[in-house]
Colleague: 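This structure is in structure tokens; I'll ask about it shortly.
Only this structure's heavy atoms are used, side chains among them; waters, hydrogens and symmetry mates stay out. Remember, predicted model here, so these are calculated numbers, not experimental data.
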Amino acid sequence: MGEHYPQPHTLPFTTLDVFTNTSYSGNPLALIRIRTALSPHLSQTQKQLIAREFNLSETIFLHHQKDPSIPEWKVDIFTTDAELPFAGHPTIGAAAYVLWLSGERRWDAGTLVTRAGRIAISLKGDGGGVKAEIPHNVHIHRHTLGDLSQPISGLSSEEELRDAELNAPIVSIVKGMTFLLVELASLEALGRVKLQGQSIDFHGVLDTEEGWGESFVAKYYFVVLDKEVRGEEVVRVRTRMLEMSMEDPATGSAASALSSWLALREGRSRRFEVTQGVEMGRRSGIGVHVVLDGAGKRVVSVRLSGCAVVVMEGSLRI
């Protein structure tokens, strides 16, 4: 008789394009479904290797519900290099999948449990995708890159862009997720931004108290298209996120940080329509609604919204 070898475990996966309703645009996401029996046996190291194999900006692991009658799902989010406490496009992609795209359509609302906290998710009332109440602890760091005395690598070579980078605010949406918010004067200037091939060293510029100094940091360039918006009108913004040798088609956490900062700058609650990925041919539409307190000084809630479409399905072996 021949030898019998244990069969490998398999995990079903789905890839989605997020912040779009058109395949092959938006931001790709790999969603791995983990059944309850296998969950304790899949290590964080294995998840990191799987994320590296997909080689997308983020991969999300969706754990089956502990109680099938309760619409609550634990998730783990990874880049190719590290685990993240929260990220926007995996949140919207997972929300769209469990509430809509999986074919079950059992719930109109539920909860995703991330390392950054519990995220309430729901279908949009207009039938246009999903929305998520984003964890937030908005923190505007005291210093800018221009306050540093030592030479800074990773800045743009063009003077206009470099000056904007040096004077840009540094804003965290939660601890561990921080963005350099670089405002530019025109779409033409936005189109001139180039990948630098190296990261900026933010050591010495981030606030260090209460854990704010340990963070992922990326550059987020933006142009506000509607300079004078009245009443409840939506503010339209064009953005790009570039880091090292990678440009991201849609960055929900960065859009949330930017929208929060813009609302605080104006001192009033606002809705934002953020368009990203145009320059790289993967147009994405990100909705953000920021609610401030009565004094206009503190962020009360951040609601992220968008669509997603299924592109591929299959299984992987572990």
Side-chain angles (χ1 to χ4, degrees), residues 14-31 54-60 79 87-97 100-101 123-124 126-132 134 161 173 179-195 218-227 229 233-260 262 270-290 302-312:
T14 301
T15 69
L16 307 103
D17 285 336
V18 183
F19 290 121
T20 181
N21 53 19
T22 305
S23 298
Y24 309 110
S25 59
N27 198 352
L29 172 72
L31 183 148
F54 275 100
N55 199 32
L56 298 175
S57 58
E58 279 110 12
T59 295
I60 188 165
T79 68
H89 106 272
T91 298
I92 292 298
Y97 183 82
W100 177 23
L101 297 173
L123 295 173
K124 289 184 68 177
D126 58 6
V130 295
K131 55 189 177 183
I134 297 304
L161 302 179
I173 183 67
F179 299 93
L180 181 74
L181 302 179
V182 185
E183 185 167 13
L184 300 176
S186 66
L187 292 179
E188 190 272 335
L190 187 67
R192 297 201 310 271
V193 178
K194 294 180 174 59
L195 293 165
K219 295 174 288 185
Y220 200 53
Y221 299 85
F222 71 97
V223 177
V224 177
L225 301 179
D226 302 306
K227 300 297 185 182
V229 178
E233 294 179 6
V234 174
V235 179
R236 296 177 304 128
V237 187
R238 274 278 301 277
T239 64
R240 296 179 71 185
M241 200 286 268
L242 298 93
E243 187 58 30
M244 294 284 288
S245 57
M246 182 273 292
E247 180 165 4
D248 198 28
T251 318
S253 53
S256 298
L258 172 61
S259 298
S260 297
L262 288 173
R270 276 291 185 201
R271 297 180 186 271
F272 298 87
E273 183 182 283
V274 180
T275 302
Q276 187 176 332
V278 173
E279 290 77 8
M280 61 184 299
R282 295 194 69 99
R283 187 183 188 94
S284 304
I286 307 168
V288 189
H289 183 197
V290 180
V302 180
R303 179 177 296 162
L304 188 66
S305 61
C307 298
V309 292
V310 171
V311 178
M312 291 184 286

Colleague: Minimum heavy-atom separation for Pro28 to Pro249, with atom names?
Modeller: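 Scanning both residues, the minimum pair turns out to be CD-CG, 4.3 Å.
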
Colleague: In terms of heavy-atom contacts, does CZ of Arg283 have more than 12 from other residues, nucleotides or ligands at under 6.0 Å?
Modeller: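 At most 12 heavy atoms, drawn from other residues, nucleotides or ligands, come within 6.0 Å of this atom.
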
Colleague: Looking only at non-hydrogen atoms, find the nearest pair between Ile60 and Pro90 and report the distance.
Modeller: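 Heavy atoms only, the tightest pair is CD1-O, 3.6 Å.
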
Colleague: I need the minimum non-hydrogen distance between Arg282 and Ser25, along with the two atoms involved.
Modeller: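 Between these two residues, the closest heavy atoms are NH2-O, 3.1 Å.
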
Colleague: Compare every heavy atom of Ala218 with every heavy atom of Glu243, then report the nearest pair and how far apart it is.
Modeller: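 Heavy atoms only, the tightest pair is OE1-CA, 3.5 Å.
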
Colleague: Shortest non-hydrogen contact from Ala250 to Asn27?
Modeller: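 Shortest heavy-atom contact: O-ND2, 2.6 Å.
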
Colleague: I'd like to know whether His89 forms a side-chain contact (heavy atoms from CB on, under 4.5 Å) with Ser57, so could you lay out the CA-CA distance, the side-chain angles of the two residues, the decisive distance to 0.1 Å, and finally the verdict.
Modeller: CA-CA 10 Å; His89 106 272; Ser57 58; 3.4 Å; yes

Colleague: So how far is it from Ser259 OG to Leu181 CG, rounded to the nearest 0.5 Å?
Modeller: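 If we round to the nearest 0.5 Å, Ser259:OG and Leu181:CG are 9.5 Å apart.
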
Colleague: For Thr14, give me all partners under side chain to side chain contact (heavy atoms under 4.5 Å, CB included), at least two apart in sequence or on another chain.
Modeller: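 Thr14 satisfies side chain to side chain contact (heavy atoms under 4.5 Å, CB included) with Leu16, Arg33, Tyr97, Val310, Glu313 only.
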
Colleague: Hey, which of Leu258, Leu225, Val223 is the one that makes side-chain contact (heavy atoms from CB on, under 4.5 Å) with Val237?
Modeller: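 That would be Leu258.
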
Colleague: With heavy-atom distances below 4.5 Å as the criterion, would you say the side chains of Tyr221 and Thr239 are in contact?
Modeller: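 Heavy-atom side-chain distance check fails, nothing below 4.5 Å.
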
Colleague: Among Val234, Val235, Val224, Asp226, which residue satisfies the side-chain contact (heavy atoms from CB on, under 4.5 Å) criterion with Phe272?
Modeller: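 Result for side-chain contact (heavy atoms from CB on, under 4.5 Å) with Phe272: Val235.
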
Colleague: Walk me through whether Leu29 and Ile92 qualify under side-chain contact (heavy atoms from CB on, under 4.5 Å).
Modeller: CA-CA 10 Å; Leu29 172 72; Ile92 292 298; over 6 Å; no

Colleague: Any salt bridge between Glu279 and Arg238, counting N to O under 4.0 Å?
Modeller: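 A salt bridge links Glu279 with Arg238.
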
Colleague: State whether the side chain of Arg303 and the backbone N or O of His289 hold a donor-acceptor pair below 3.5 Å, judged by distance alone.
Modeller: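 No.
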
Colleague: Hey, is the main chain of Asp17 close enough, under 3.5 Å, to the side chain of Thr20 for a donor-acceptor pair?
Modeller: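 No, the answer is negative, given that no donor and acceptor are paired below the 3.5 Å cut-off.
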
Colleague: Given the rule in the side-chain contact (heavy atoms from CB on, under 4.5 Å) test, do Leu304 and Ile286 qualify, once you have shown the distances and angles that lead to the verdict?
Modeller: CA-CA 7 Å; Leu304 188 66; Ile286 307 168; 3.5 Å; yes

Colleague: Apply side-chain contact (heavy atoms from CB on, under 4.5 Å) to Val274 and Phe222, showing your working.
Modeller: CA-CA 9 Å; Val274 180; Phe222 71 97; over 6 Å; no

Colleague: Do you know which two heavy atoms are closest between Ala30 and Leu56, and how far apart they sit?
Modeller: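 Closest approach of Ala30 to Leu56: N-CD1, 3.6 Å.
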
Colleague: For the residue pair Ser284 and Gln276, confirm or rule out a side-chain donor-acceptor distance under 3.5 Å.
Modeller: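 Looking only at side-chain atoms, Gln276 and Ser284 do not form any donor-acceptor pair under 3.5 Å.
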
Colleague: How many angstroms lie between OG in Ser305 and CZ in Arg271, if you round to the nearest 0.5 Å?
Modeller: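 Answer for the OG-CZ pair, Ser305 versus Arg271, is 8.5 Å.
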
Colleague: What's the spacing between Leu184 CG and Leu190 CG if we round to 0.5 Å?
Modeller: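 Leu184 CG to Leu190 CG: 6.0 Å, rounded to 0.5 Å.
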
Colleague: Going by the rule side chain to side chain contact (heavy atoms under 4.5 Å, CB included), which residues pair with Ala254 if we only count those two or more places apart in sequence or in a different chain?
Modeller: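 Ala254 satisfies side chain to side chain contact (heavy atoms under 4.5 Å, CB included) with Phe179, Tyr220, Thr251 once adjacent residues are dropped.
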
Colleague: Is it true that Asp248 and Arg240 have a side-chain N and a carboxylate O under 4.0 angstrom from each other?
Modeller: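 Salt bridge absent between Asp248 and Arg240.
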
